[in-house]
Number of protein chains: 2
Amino acid sequence: MSDMSSGRPGQRVRLEDVAKLAGVSMKTVSNVVHDYPHVSVKMRERVQAAIDQLGYRPNLTARRLATGRTGMLALAIPEIDQPYFAELARRIGEEAVRRGYRVIVEQTLNDADAERAVIRDREEGLVDGVIFQPAYMDTMEIARLRPGTPLVLLGEAGRPLTADHVMIDNVAAAREAVELLLGQGRTRIAFFGMVHGDPTESTHLRLLGYQEALLAAGVRTGPELVIETDGFAIDDGVAALSAALDAGVRFDALVCRDDLFAMAALKVLDRAGLRVPGDVSVLGWDDTALARYSTPALSSISPGKEAIARMALELLEDRMAGYDGVGRHRIAPHVIIERETTGHPT
Amino acid sequence: MSDMSSGRPGQRVRLEDVAKLAGVSMKTVSNVVHDYPHVSVKMRERVQAAIDQLGYRPNLTARRLATGRTGMLALAIPEIDQPYFAELARRIGEEAVRRGYRVIVEQTLNDADAERAVIRDREEGLVDGVIFQPAYMDTMEIARLRPGTPLVLLGEAGRPLTADHVMIDNVAAAREAVELLLGQGRTRIAFFGMVHGDPTESTHLRLLGYQEALLAAGVRTGPELVIETDGFAIDDGVAALSAALDAGVRFDALVCRDDLFAMAALKVLDRAGLRVPGDVSVLGWDDTALARYSTPALSSISPGKEAIARMALELLEDRMAGYDGVGRHRIAPHVIIERETTGHPT
DNA sequence: CTGAAAGCGCTAACAA
DNA sequence: TTGTTAGCGCTTTCAG
């Protein structure tokens, strides 16, 4: 319709170019760009026409410099390809977009230094806030390095409570899991997946809930029913559980630290000729795709990922809005999803 | 050691503050920040001391405005929690970090408009380049909306070749898959997972390779051996395959469109009392966590995700460096990973 | 080898 | 309701 190459050819079109074309000031253009209410209709039309003609789009970077707001959030997690984190990232991404943010994903890749970098404001000036699930750093250390950027932590919270946290009640969830299994007639319930040197608090909490429930029910247990592994990989799980079986450890139910170990359990039990759930009930944790797609479909403890995402964003927006009080905790709901790997013995 | 609150209290410390403290110009500070070679040692030390004392860190946004480079890349994919994309995102993230970029993940969530937004420079000025795996848009449409931001496409490339592409050779991979199965004594090989209304080209290419190999081997086949589904979900797969079995379709091997359908196959075959791989070989596609963790472990066609990531970044860096030629294609390698679901009939 | 100053493109306070 | 203008913090010629 008109000359697209007028003005500074080869350059991006700027607010000023639009203003010039429309014969108005930059402020007026800015007003219509921002849908500022008090702009006369014909002014708005004229400016919009210029914008369309030139194909103007604001330079986000410049806007940021001027406003001091980046509109971006960082999500720092160990590995994006671990199903749980991938699913969480999706929810957080959705929730963030809903609130007008974009998210940059930071993989710490099991590197303690990478985690520290996140906390030491590596993101400073890049993002408005950070959602961080640490694997190595504890609350103490995070408190010490306490960054200037608003921060919300995911996962377990030790003391002191200097930062906001969102988590599920691991103890209660484990307790309920054991109660469910007990209610279905299981009597020798093992906990599978204490990883040697596990830096996370979660596993301990889960084990605690498991033990509490057993104790409360007056069911006898023993240390051999807590099955330890050398690492987080599936092969570690397979090796550990096979060894336990070979050593004569017997159980009719398995509460697994996560879905991955549950998958390992399915493998080992299959090889051992044990039926699931006929001989052994298997319960996973995290309710990931692994659980939904396996055969038999895995029952799993499902942390409310949407709720976690929503709560994290709420807390973060508070902080970004200036809230500067003490660290708050939010407990997201959880639910046990029963699929095919749990049930009464047959 | 010294007064941290000097100057503009409560404000972030700026380059100028450092310059003032060190008694030098901003340029000099900038020089040492950037490790510019020609700075005298004592000057460097003096400035560094000031930087440390003030805890100065450059404002990335300001830097961006000045340089025009953001140091960020966008990765636009349908869903981050689909195992294949999660694993790809991890590789791309790693490769990007290696090259000095951060990546912002854009989920298009199966929304054609969201895809269009990506292409219409929604990211303009936000990122230096975009890596995009479309699910709905075809090459034509992308060419039409051709953005100003450097772009590399992942997945199939139709004509015209206006943009850079990285893909694997789906036809060849499917052919090899069939040849492998044939070599193991399978004779009735089905293709499982033609999704009605599938917008992607990949499935067609895979089917094509499947048919080519069968034809070349002179093995008779039939339309009933191409099993169609109503959607991409596992339930769609389960329903379709069950129906095929009920309808009397028989096969001794299944080449699946992706690992997810392979998981569906494992479920259905298990229920039907068919042994894998004794009665039926099952081959997945994408080599995701699903394949590695299932029981039996799923054999799968593995696209070289690291190679895809590397090639995509290479092409993108070229574009960002100013290359403006015709669209280029790169074929990433693939390999068939044999686990437990393929083998000779027994 | 270092300093001064002019932008980068947009926002927002202040005027008109 | 619209225009003017001074920053936001850093980079980068161009002098010195």
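Just the heavy atoms: all of them, side chains too, but no hydrogens, waters or symmetry mates, feed the values below. In what follows, every chain begins at residue 1, and chains take the letters A, B, ... in the order their sequences are listed. Not measured: the values here are computed from a predicted model.
Note: CZ (A:R57) to C1' (C:dC10) measures 16 Å, nearest angstrom. Separating the NZ atom of A:K27 from the C1' atom of C:dA13 is a distance of 9 Å, rounded to the nearest angstrom. Taking atom CD of A:E16 as the reference point, atom P of D:dT5 lies 13 Å away to the nearest angstrom. Taking atom CE on A:M26 and atom P on C:dA15, their separation rounds to 20 Å, with Å as the unit. In this structure, A:L126 places its CG atom 15 Å from C1' of D:dG9, rounding to the nearest Å. Between the CG atom of A:L15 and the P atom of C:dA12 there is a distance of 12 Å, given to the nearest Å. In this structure, OH of A:Y56 is placed 7 Å from C1' of C:dC10, rounded to the nearest angstrom. Per the geometry, CZ belonging to A:R14 stands 16 Å off C1' belonging to C:dT11, to the nearest Å.
Cation-pi geometry between A:R328 and A:Y323 is met: the NZ or CZ atom falls under 6.0 Å from the ring centre, inside 45° of the normal. A cation-pi contact, defined as under 6.0 Å to the ring centre and within 45° of the axis, links B:K27 to B:Y36.
A salt bridge does not link A:R91 to A:E95: none of the charged side-chain nitrogens sits closer than 4.0 Å to a carboxylate oxygen.
Going from atom OH of B:Y101 over to atom CD1 of B:I131 covers 10.5 Å, rounded to the nearest 0.5 Å.
Looking at heavy-atom distances under 4.0 Å, A:T28 makes contact with sugar-phosphate atoms alone, never a base. Using a 4.0 Å heavy-atom cutoff across all strands shown, B:Y36 reaches no nucleic acid atom at all.
With a cut-off of 3.5 Å on both pairing distances, the Watson-Crick and G-U wobble pairs of DNA chain C assemble into stems of 3 or more at C:1-16 with D:1-16.
Residue pairs that meet the salt bridge (Lys or Arg N to Asp or Glu O under 4.0 Å) test with at least one member in residues 31-43 of chain A, sequence neighbours left out, are A:D35-A:R44.
Distance from the side chain of B:R63 is smallest to D:dC10 among C:dC10, D:dC10, D:dG3. When distances run from any side-chain atom of A:T67 to the nucleotides C:dT11, D:dC8, D:dC10, the shortest one goes to C:dT11.
Summary of the strand contacts: B:A62 and B:M43 both lie near DNA chain C, and taking for each the nucleotide with the nearest heavy atom, the more 5' one is attributed to B:M43. Each of B:L65 and B:G23 lies near DNA chain C, and the nucleotide nearest B:G23 is the one positioned closer to the 5' end.
A side-chain contact (heavy atoms from CB on, under 4.5 Å) with B:M72 is found for exactly one of B:L60, B:I104, B:V103, namely B:I104.
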Quiz item: Under the salt bridge (charged side-chain N to carboxylate O under 4.0 Å, His left out) criterion, do A:K20 and A:E16 qualify, and how do the steps go?
Solution: CA-CA 6 Å; A:K20 208 158 288 175; A:E16 186 175 356; 3.5 Å; yes

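Using a 4.0 Å cut-off, some side-chain N or O of A:S40 falls inside it from OP1 or OP2 of D:dT2. OP1 or OP2 of D:dT2 has not a single side-chain nitrogen or oxygen of A:S25 nearer than 4.0 Å.
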